[in-house]
Amino acid sequence: MADLSALLEVGGPLAALGGGAAWARARHPAVYWSAVGLPVSTARLLTSYGSVMEACGLTVPPSRLRVLAVKATTRREVRPVPPRRGLLRPTSTGLRLRLRLAPGQEPADVAASAERLRHAWGVHAVYVSTVRPGVVELRLVGFDVLRRVRMPRTAGAGLLKVPVALREDATAFVRDYRTVPHQLTLGATLSGKSMYLRHLITGLARQPVALVGIDCKRGVELAPFAPRLSALATDPEQAAELLPALIRLMEDRYDLIKKRQGIAPDTPAEEITSDVWGLPESERPVPVVLFVDEVAELFLVASRKDEERRDEMVTQLIRLAQLGRATGIYLEVCGQRFGAELGKGATMLRAQLTGRVCHRVNDEASAKMALGDIAPEAVAAACAIAPERPGLAVAGDTSGGWSRIRTPYLSLGEAAGICRESADLVPELPALERFRPAVPVPSPAPASAPAVKPHPVTG
């Protein structure tokens, strides 16, 4: 009986400790990883590294010199040689480890064993990247970082660079317009597409960049950011006037480049290979980012007389996508669905959009439209996004690489406040002045009624 009481006294604190660890793992995974997961996974990796590499087929036969040295100094069995391991570098979300590949190995061999390494070392995921020839880095992620998004402190922001989401390997997904000038972003209703757009606009609002919007949903998505916008069109009729103004702005910038570099004035714009970034900073025009929300509204027509206007707008969008990058004009095209069924020019426009971000969509065909031509294996990942995780998306580009990302929450009020605070950064663009949205002046708060002083009651 005394032994049972002693066991209960010991078991009580152990049960409480186990329950606390389980609660921390579910509610605060970062804390659990730092306190429990990191030491356990580190111990597993250090004690089982050689055997795990051998089980995964990542070892090679030793060299003859090594065999002779082992036989001359010891009597132990000569075992295969695993990749040389570097120092472990713990992070707030996992571990980093560099491997020097053995002769005859390639990074694809390690990447193919990533799932086995994940289970062997008890981590959430393992990602492999090439550092330099012969050296790869394993990024071990201890928990699902996309469940509750926390952006890293150093995310690599800069001019035309916006850290807009978190990758599944705990690194920041940076929208770099200098590297990927144009992008297509798709997503169904309540998929998080608007949240992604808010982060882009607020990230660019603090930079010396002109923001232009086309929102054919009467401006409900982009109108809250009007204080920071240089131009805004809220219906197809206004868009049909705004796009030619952007084309003229692009042509004027090509004339500036030709004048600066001594190119003949009659040289076609398609034959000019340089761009505005080669101009002196004092003469360089301000970059322009065009946001097109619900692009399908520009393609759809209600009557035959609207077809001519539609064809003209689509042609102008294609010209901006083909020639705009050299003049510092970038496109961010958003919609719920985008494909050849929209009409003539849709596929040609999509081909010019290097970056692709696909949120949850309503059908597989939409995911194929976004990712099928650049990363077919990413289509299944996009179709598997659950409605319970808004903001989760699959990001890829024409290089074939892709990854899962998730955008942190940002309320519309906070985003609109950032645009109001940065309204003084709106650049002067006379060509777009007549499209500048009217910013309503906040009405003064009503004066409070004077307090009524109580009068004493006398009898």
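- Contact of the L101 side chain with the P107 side chain is registered, since non-hydrogen atoms from C-beta on lie closer than 4.5 Å.
- Closest non-hydrogen pair, Q183 versus V357, comes out as NE2-CG2, 3.6 Å.
- For residues 212-225, the set of pairs meeting the salt bridge (Lys or Arg N to Asp or Glu O under 4.0 Å) definition, not counting sequence neighbours, comprises K217-E221, K217-D293, R218-D235.
- Annotation for V164 and P408: closest pair O-CD, 3.8 Å, computed over non-hydrogen atoms.
- From M250, atom CE reaches atom CZ of R325 across 12.5 Å, with rounding to the nearest 0.5 Å.
- In the displayed structure, E364 atom CD is contacted under 6.0 Å by at most 12 heavy atoms of other residues, nucleotides or ligands.
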Worked verdict on E241 versus R309 for salt bridge (Lys or Arg N to Asp or Glu O under 4.0 Å)
CA-CA 10 Å; E241 298 178 3; R309 183 188 63 189; over 6 Å; no
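- Applying the salt bridge (Lys or Arg N to Asp or Glu O under 4.0 Å) test to residues at least two apart or on different chains, the pairs with a partner in residues 117-128 are E115-R118.
- Between L197 and T185, the closest side-chain pair of non-hydrogen atoms is not below 4.5 Å.
- The shortest side-chain heavy-atom distance between S191 and V361 does not fall under the 4.5 Å cut-off.
- Using a 4.5 Å heavy-atom threshold, the side chains of V426 and R228 count as touching.
- Interatomic distance, L353 CG to L317 CG, rounded to the nearest 0.5 Å: 9.0 Å.
- Under the side chain to side chain donor-acceptor pair (under 3.5 Å) criterion, S230 pairs with no residue at all, not counting sequence neighbours.
- Between E137 and R89 there is a salt bridge, since at least one side-chain N of the basic residue sits less than 4.0 Å from a carboxylate O of the acidic one.
- Judged by distance alone, with hydrogens and angles left aside, the side-chain atoms of R253 form a donor-acceptor pair with the main-chain N or O of T327 at under 3.5 Å.
- Panel note: side chain Y254, backbone D275; no donor-acceptor pair is recorded below 3.5 Å.
- The structure places CZ of R198 at 7.0 Å from OG of S411, a figure rounded to the nearest 0.5 Å.
- A donor-acceptor contact shorter than 3.5 Å is absent between the side chain of R248 and the backbone of L243.
- Listed for the S113 side chain is no donor-acceptor partner under 3.5 Å among the backbone atoms of R116.
- Legend: residues meeting side chain to side chain donor-acceptor pair (under 3.5 Å) with R139, ordered by chain and number and at least two apart, are absent.
- A donor-acceptor contact shorter than 3.5 Å links the side chain of Q207 to the backbone of L160.
- Using a 4.5 Å heavy-atom cutoff, the side chains of V276 and L256 are not in contact.
- Interatomic distance, I329 CD1 to L249 CG, rounded to the nearest 0.5 Å: 4.5 Å.
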Which donor-acceptor pairs under 3.5 Å do side chains of residues 281-292 form with protein atoms, sequence neighbours excluded?
unit_1, atom_1, unit_2, atom_2, d
E283, OE2, R260, NH1, 3.4
R284, NH2, L279, O, 3.3

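- Side-chain contact between V123 and V141 is absent, with no heavy-atom pair separated by less than 4.5 Å.
- Looking only at side-chain heavy atoms (C-beta outward), V145 and L166 come within less than 4.5 Å of each other.
- By the side chain to side chain donor-acceptor pair (under 3.5 Å) test, T179 pairs with D176, sequence neighbours left out.
- In this structure the side chain of S41 reaches within 4.5 angstrom of the side chain of W33, judged on heavy atoms.
- Applying the 6.0 Å contact sphere to CG of L190 captures no more than 12 heavy atoms from other residues, nucleotides or ligands.
- Identified under the ring pair (Phe, Tyr, Trp, His ring centres under 6.0 Å) test for residues 183-206, with sequence neighbours left out: Y196-H359.
- Under the ring-ring contact (aromatic ring centres under 6.0 Å, His included) criterion, Y127 pairs with no residue, sequence neighbours left out.
- Among residue pairs with one or both ends in residues 370-396, those qualifying as salt bridge (Lys or Arg N to Asp or Glu O under 4.0 Å) are D144-R389, R356-D373; sequence neighbours excluded.
- Atom CZ of R85 sits about 8.5 Å away from atom CG of L87, to the nearest 0.5 Å.
- For the 3.5 Å distance criterion, the side chains of E332 and Y177 qualify, holding a donor opposite an acceptor.
- Under the side chain to side chain donor-acceptor pair (under 3.5 Å) criterion, Q238 pairs with T234, sequence neighbours left out.
- Although no hydrogens or angles enter the test, the distance criterion places no donor-acceptor pair under 3.5 Å between the side chain of T171 and the main chain of R167.
- Contacts of D252 classified as salt bridge (Lys or Arg N to Asp or Glu O under 4.0 Å), with partners at least two apart in sequence or in another chain: none.
- For residues 415-438, the set of pairs meeting the side chain to side chain donor-acceptor pair (under 3.5 Å) definition, not counting sequence neighbours, is empty.
- Note that CE of M195 is 10.0 Å distant from CZ of R406, once rounded to the nearest 0.5 Å.
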